[in-house]
There are 2 protein chains.
Amino acid sequence: MDLDTVRTFVAAADAGQFQQAAAELAVTQQAVSKRIAALERNLGVRLFTRTPRGAELTIDGQAFLPHVRELLRVAERAVASVRTGRRPLRVDMIASRTAASGLMRGFHRAHPEIELDVVMLFDIETALAAIRSGAIDASFRAVAVPGRPLPEDIESVRVLDEPLQLLTGPAHALASARSVTVAQLAGHRIWMPGIVPGTEWAAYYDDLVAEFGLTIEATGPNFGSDALLDTIADTPALATFMGEQTRLVWPAGHGLRRIPVTDPTPVYPHSLLWHRDNPHPALATLRAHLAATAAGHDAVGTWAPDWVIPR
Amino acid sequence: MDLDTVRTFVAAADAGQFQQAAAELAVTQQAVSKRIAALERNLGVRLFTRTPRGAELTIDGQAFLPHVRELLRVAERAVASVRTGRRPLRVDMIASRTAASGLMRGFHRAHPEIELDVVMLFDIETALAAIRSGAIDASFRAVAVPGRPLPEDIESVRVLDEPLQLLTGPAHALASARSVTVAQLAGHRIWMPGIVPGTEWAAYYDDLVAEFGLTIEATGPNFGSDALLDTIADTPALATFMGEQTRLVWPAGHGLRRIPVTDPTPVYPHSLLWHRDNPHPALATLRAHLAATAAGHDAVGTWAPDWVIPR
DNA sequence: CCTGGCCACAACCAACGGTTGTACTCATAG
DNA sequence: CTATGAGTACAACCGTTGGTTGTGGCCAGG
């Protein structure tokens, strides 16, 4: 199916005749006739009843029309998403299903008229390059690369500290605990196959391990969260970390437990990064929204690496 | 833009390389390369960074991808809407923004997994023919054509009596009334340019006029509800009827009034019609939903033509 | 009965989009 | 360092698609 053909169908349906539709589309009436005939042949149904005074929609055509209108709207949004200048606000985040995703959902609810696109870049270095080049407008990241400050043209604000929780199967030694301290985790095997070496995400866990003497294994291929959850559920000796706000497709009957971690509570520090000179109007709206909604967190009893930007 | 090209883009993005995408699509690698190149040329952005090991999405490509996935979903729904056999439940109603539309919205909320299409046919005769031919699965109509009973293979149930209200501008003589009786309406000009002669909708108002001696003018072209509302708001001598549940784009600052009508309250009798042998599974669901939700209306003090099917 | 308006069919032609063949690039293994 | 393999791009070729012009048929209205 070709979108030009679809546009022709809509034009003919609106005009009620092929001739006028042809004039609007700047083609001949015969071209419209052929396009509609081809569309009808492909679909296997008649869309118009031809009369000597024009063409009117059949019932099938009536049912088809709103769907193709939607199709053209979606196509327009798709093209707009890569249009240079005046494109939707493009935000990078570390992964879907994290707290950053929740923040963006909240922003979308508050401002449904603002078009958004979400991308997931490799690490903060890539994100910074994309911000400076204008390829993205903002990024939710833990500002990492210990010892290297942010470039001067990049601004940032720490928007959310997301507490980590321990995720275990029902047979795990800590499965029945209402909460665990970091000290209790020493000696337990914590498995995080999703960690990609070289990212600020990995640097965070490196620091966590160094600070509290934990055992985190990032070995093995990452088969996705479904496989991870299955393994955690079935393996008493394994647990994993997970953001408090991480949304999972929670497998029923697996008996998985989410257990808060305390003394201190490791928090993943999400910051918003953007370019000082970015003129996108929606960026200011996003910053204002985050400033208004994400304020007032409690830093007492939490831990984050010392290289992250301060709150 | 061509949907085959879009499918090629999605396949290449999923595979991470053109070669494998080409194999899945049963074309040569060169064809995929040309399609992607053409798409990039049309959009004016690069979607993939080519490497000797494959091709990975650029940031623009990442932003574009979810939009085109949605595009393909919508296209599939569009095609499904005219597929013969196993197509969405197709329901005819007299107009959008009426009570029937509200009933279908409620059904959709209760069963969001059921695909629906709405069409608006000319009159009940056309609807009956469409039901018998299988072109539609059900119709919300006032069962009219006085004196002619429904064919034996058509079943029906009266699902909702929608009270009519008087709509006036602020300067109308009845504008400040909390409610009006039908007797009070005699002598006032009621303007309904939307009525199409020959329909059961027109038959209803003919009966209403005959029964209570009202003055209803259906003259003049129908420029849509916006123009109707504007005229009603500005013309003290004109009023119109409107279903109690009719949803309007209510113009601000026009001072329009909706006034209940009593002694008796004219109600528009919406019935659901369907073919005795229609096997569409969603039809049974719809009937059950309507039976469960639309029950228990009060017939006392209301009026409807005597040719409609009994409640 | 003629005319005007509109759609469909036929013939023709350009351009798009596919295939095959080939060159180039880079990672990896020997 | 070189050979190999995997992957992409470019060029040439060609059939099919989709456009145009020309023409005929149909029906409503004057």
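All figures in this text were calculated on a predicted structure; none of them were measured in a lab. Order of the sequence lines sets the chain letters (A, B, ...), proteins ahead of strands, with each chain counted from 1.
For the pair A/Leu39 CG and C/dA8 C1', the interatomic distance rounds to 17 Å; values are reported in whole Å. Atom pair A/Leu47:CG and C/dA8:P shows a separation of 12 Å (rounding to whole Å applied). Spacing between atom CD of B/Gln30 and atom P of D/dA12 amounts to 15 Å, rounded to whole angstrom units. Following rounding to the nearest Å, A/Leu57 (CG) and C/dC7 (C1') show an atom-to-atom distance of 16 Å. Residue B/Lys34 contributes atom NZ, which lies 8 Å from atom C1' of C/dC16 at whole-angstrom precision. With rounding to whole Å, A/Arg53 atom CZ is found 16 Å from C/dG4 atom P. What separates CD1 of A/Ile36 from C1' of D/dG18 is a distance of 14 Å, to the nearest Å. Across the protein-nucleic acid pair, A/Glu56 atom CD and D/dA28 atom C1' stand 15 Å apart, rounded to whole Å.
The two residues A/Ile124 and A/Ala142 come nearest to each other via the heavy atoms CD1-O, 3.7 Å. Closest of all the heavy-atom pairs between A/Phe9 and A/Gly61 is CZ-O, 3.7 Å.
When the side-chain nitrogen and oxygen atoms of B/Ser33 are compared with OP1 and OP2 of D/dT8, none of them lie within a distance under 4.0 Å. Between B/Arg35 and C/dG18, a side-chain N or O to OP1/OP2 separation shorter than 4.0 Å is present. A sub-4.0 Å separation between OP1 or OP2 of C/dG18 and a side-chain N or O of B/Thr28 is absent. Within the 4.0 Å cut-off from OP1 or OP2 of D/dG7, at least one side-chain nitrogen or oxygen of B/Gln17 is found.
Checking C/dT25, D/dT8, D/dG19 against the side-chain heavy atoms of B/Pro52 singles out C/dT25 as nearest. When distances are taken from the side chain of B/Gln29 to each of C/dT19, D/dT8, C/dA8, the shortest belongs to D/dT8.
Just one of B/Thr8, B/Asp4, B/Thr5 meets the side chain to side chain donor-acceptor pair (under 3.5 Å) condition when paired with B/Arg35; it is B/Thr8.
Residues A/Arg90 and B/Asp60 are paired through a salt bridge, judged by an N-O separation under 4.0 Å between the basic side chain and the carboxylate.
Between the side chain of B/His275 and the main chain of B/Ser133, no donor-acceptor pair closer than 3.5 Å is present.
Counting non-hydrogen atoms under 4.0 angstrom, B/Gln19 reaches a base of the nucleic acid. Across all strands shown, A/Val32 has no heavy atoms under 4.0 Å from either base or sugar-phosphate atoms.
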